[in-house]
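Input: a single structure, listed below in structure tokens.
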Amino acid sequence: MKKSHSATSYIKSQLPAICSIIFLLLLGVYFYLLAHPAEESSEFSSGYSLTYENAVVTEILSDNCEPEDKKEGTLRGHQELTALVETGPYAGNTYPISNLVGPLYGHRLSVGDYFIIGLSVYEEGQVYATVYEYDRAPAILILLGAFCLITVLVGGKTGAKSLIGLLITIAALLLILLPLLFAGWPTLPTTLLVCSWIACIVFLILSGWDKKTVCAILGTVAGMVFATLFALLAQALLRIDGYREEYAEPLMQLRHTGESLVGIRYLLVAGVMISALGAVMDVAMSISSAIREISLVGEKLTFKQLFFSGMNIGRDMVGTMTNTLILAIIGSGMMLIMYIASLNLPLRQFLSSPYLALEIVSSLSSSIGVILTVPLTAFISAILYAYTAKEEA
């Protein structure tokens, strides 16, 4: 009876969070439907199609690959293979394939190796097969499984909740945000809306519905807004925007052909918002949780006491979190940094390069968002905990 009573009490206590999560999920479904409008099916009339399927190497007919760089172990050459298609309408068919191998492309294949095969089908029924890429899907699934297992073993129930939140985050970015941007929705408001939706549902899954969650959500949204404003200011001062990004040209071609309406100019700032979201959420929850614990100890504390306590805690987080963000951004662009360093540019030319400007906008704006999240969350939390009834531990 006691267990049943405690379970019922727990469900009642979590009912607001459950209802909020359901509402947010329904809202997410609504935006998904907006992002994926029903389209009338069109007949394929060009007489050509291209499909990618799984295949396995059954025989090596010839192989002249030789080491290009003995120190690095890279190869260059080509192979003549025979491959068996295992999926799709051409499963069971065997095709001869040429496989080009080089340091920057291709992968030397052996009998029994699985790869992705590209099948070009022409109107006359002729099928031309090419090696697209080595099949990395099984290895990726193994790594993801190991990640999930370690997260659950170390984090327990909270770790499992975090995985659910991560899955929802990835789904929201890939299935809602990107299609909406391709459909021509305004870049910055749409990105901020989706990021705020992610913060709300992730915090509710992790912590339920209470003052701490409300403070963390409000602090996250406020931090994201200030990161966006700083990124816009930096973009204007440096006279650089999304058109100077690496893949802006193919996106421009999609706009010109009418295949996409994506707004390219503010994609740089949208990237800042997404890259800063995780760190901003981390800081906001940490500050909110710390002020909650402080408010539960002893007599009711004043707004000033709670605010400065949150600021003191936040200052210790700012240095390491900012360092983490900047190092992560630099690390992701390591190849580009190595290339620029190899040019031995004069200092003035280096400081004026668009590559450096892009990194400055991205790293500094993300860091500003994290830094300002500390006082913003401390302020919101101090107000809520100082002027409302004290929570029970």
(message) For residues 127-155, which residue pairs pass the salt bridge (charged side-chain N to carboxylate O under 4.0 Å, His left out) check, not counting sequence neighbours?
(response) Glu133-Arg136

(message) Would you say that Thr191 contacts Tyr266 through its side chain, given a criterion of any heavy-atom pair below 4.5 Å between the two side chains?
(response) no

(request) Spell out, as yes or no, whether a donor-acceptor pair under 3.5 Å connects the side chain of Ser162 to the backbone of Gly159. (result) yes

(request) Would you mind reporting whether Leu81 and Ile60 have side-chain heavy atoms less than 4.5 Å apart? (result) yes

(message) Using side-chain heavy atoms (C-beta onward) and a distance below 4.5 Å, is Leu192 in contact with Met273?
(response) yes

(message) Within this structure, what is the CD1-CD1 distance for the pair Ile198 and Ile170, rounded to the nearest 0.5 Å?
(response) 10.0 Å

(request) Give a yes or no answer on whether the side chain of Thr87 reaches the backbone of Glu53 with a donor-acceptor pair at less than 3.5 Å. (result) no

(message) To the nearest 0.5 Å, what is the distance between CE on Met311 and CD1 on Ile291?
(response) 10.0 Å

(message) Within the structure provided, determine whether Trp209 and Val214 are in side-chain contact (heavy-atom separation under 4.5 Å).
(response) yes

(request) Side-chain contact test, heavy atoms from C-beta onward, threshold under 4.5 Å: evaluate it for Val194 versus Phe31 and give yes or no. (result) no

(request) Keeping the roles fixed (side chain from Asn99, backbone from His107), state whether a donor-acceptor pair exists under 3.5 Å. (result) yes

(message) Take a 6.0 Å sphere around OH of Tyr243 and say whether it holds more than 12 heavy atoms from other residues, nucleotides or ligands.
(response) yes

(message) Restricting to non-hydrogen atoms, name the atom on Ala386 and the atom on Leu306 that form the minimum distance, rounded to 0.1 Å.
(response) N-CD1, 3.8 Å

(request) Give a yes or no on whether the backbone of Phe308 and the side-chain of Asn312 come within a donor-acceptor separation of less than 3.5 Å. (result) yes

(request) Please determine which of Leu163, Leu167, Leu153 meets the side-chain contact (heavy atoms from CB on, under 4.5 Å) test together with Cys148. (result) Leu163

(request) Please report the shortest heavy-atom distance between Ala231 and Val272, naming the atom on each side. (result) CB-CG1, 4.3 Å

(request) Report the distance from atom OG of Ser20 to atom CD1 of Ile205, rounding to the nearest 0.5 Å. (result) 11.5 Å

(message) So, taking the atom named CD1 in Ile380 and the one named CG in Leu218, what distance separates them when rounded to the nearest 0.5 Å?
(response) 5.0 Å

(message) Is the shortest side-chain heavy-atom distance between Leu204 and Phe23 below 4.5 Å?
(response) no

(message) Quick check: is Leu84 connected to Val111 through a chain of hydrophobic side chains (ILVMFWY, heavy atoms under 4.5 Å apart)?
(response) no

(message) Working note: Ser295 + Leu301, criterion side-chain contact (heavy atoms from CB on, under 4.5 Å); need CA distance, chi angles, decisive distance, verdict.
(response) CA-CA 6 Å; Ser295 69; Leu301 299 176; 5.6 Å; no

(request) Show your reasoning for whether side-chain contact (heavy atoms from CB on, under 4.5 Å) applies to Leu277 and Met224. (result) CA-CA 7 Å; Leu277 178 60; Met224 295 295 295; 4.1 Å; yes

(message) Any side-chain to backbone donor/acceptor pair from Ser381 onto Thr377? Under 3.5 Å, distance only.
(response) yes

(request) Establish whether Val57 and Tyr114 are linked, either directly or via other cluster members, by ILVMFWY side-chain heavy-atom contacts under 4.5 Å. (result) no

(message) Pair Ile116, Asn54 - check side-chain contact (heavy atoms from CB on, under 4.5 Å), show working.
(response) CA-CA 5 Å; Ile116 306 301; Asn54 294 337; 3.3 Å; yes

(request) Please report the closest heavy-atom contact between Ile217 and Cys200, naming both atoms and the distance. (result) CG2-SG, 3.6 Å

(message) For Phe226, I'd like to know if atom CZ has over 12 heavy atoms of other residues, nucleotides or ligands within 6.0 Å.
(response) no

(message) To the nearest 0.5 Å, what is the distance between OG on Ser367 and CG on Leu372?
(response) 10.5 Å

(message) With clusters defined by side-chain heavy atoms of hydrophobic residues (ILVMFWY) lying less than 4.5 Å apart, directly or transitively, does Tyr32 cluster with Leu25?
(response) yes

(request) Indicate yes or no: at least one non-hydrogen side-chain atom of Leu267 is less than 4.5 angstrom from one of Leu251. (result) yes

(message) Hydrophobic cluster membership, with links at side-chain heavy-atom distances under 4.5 Å among I/L/V/M/F/W/Y: are Val29 and Leu34 in one?
(response) yes

(request) Using atom types as modelled and distance alone, determine if a side-chain donor or acceptor of Asp63 lies under 3.5 Å from a backbone N or O of Gln79. (result) no

(message) Would the distance check show the side chain of Ser362 and the main-chain N or O of Leu358 forming a donor-acceptor pair, the cut-off being under 3.5 Å?
(response) no

(message) Would you say that Val370 contacts Met317 through its side chain, given a criterion of any heavy-atom pair below 4.5 Å between the two side chains?
(response) no

(request) Indicate the atoms forming the closest heavy-atom contact of Val221 with Ser196, along with that distance. (result) CG2-OG, 3.7 Å

(request) Quick one: closest heavy-atom pair of Ser207 and Met285, and the distance? (result) OG-CE, 3.5 Å

(message) Would you say Ile164 ends up clustered with Met281 if hydrophobic residues are merged whenever their side chains have heavy atoms under 4.5 Å apart, either directly or through other cluster members?
(response) yes

(request) Indicate the atoms forming the closest heavy-atom contact of Pro375 with Phe307, along with that distance. (result) O-CE1, 3.7 Å

(message) Tell me whether Gln235 contacts the main-chain N or O of Leu268 through its side chain, where contact means a donor paired with an acceptor under 3.5 Å.
(response) no

(request) Ignoring hydrogens and angles, tell me if any N or O in the side chain of Tyr385 forms a donor-acceptor pair with the backbone of Lys212 under 3.5 Å. (result) yes

(request) If the plane angle is over 60° it's perpendicular, under 30° parallel, otherwise tilted; pick one for Tyr95 and Tyr90. (result) perpendicular

(request) Give a yes or no on whether the backbone of Asp113 and the side-chain of Ser110 come within a donor-acceptor separation of less than 3.5 Å. (result) no

(message) Measuring from atom CD1 of Ile168 to atom CH2 of Trp197, what distance do you get when rounded to the nearest 0.5 angstrom?
(response) 6.0 Å

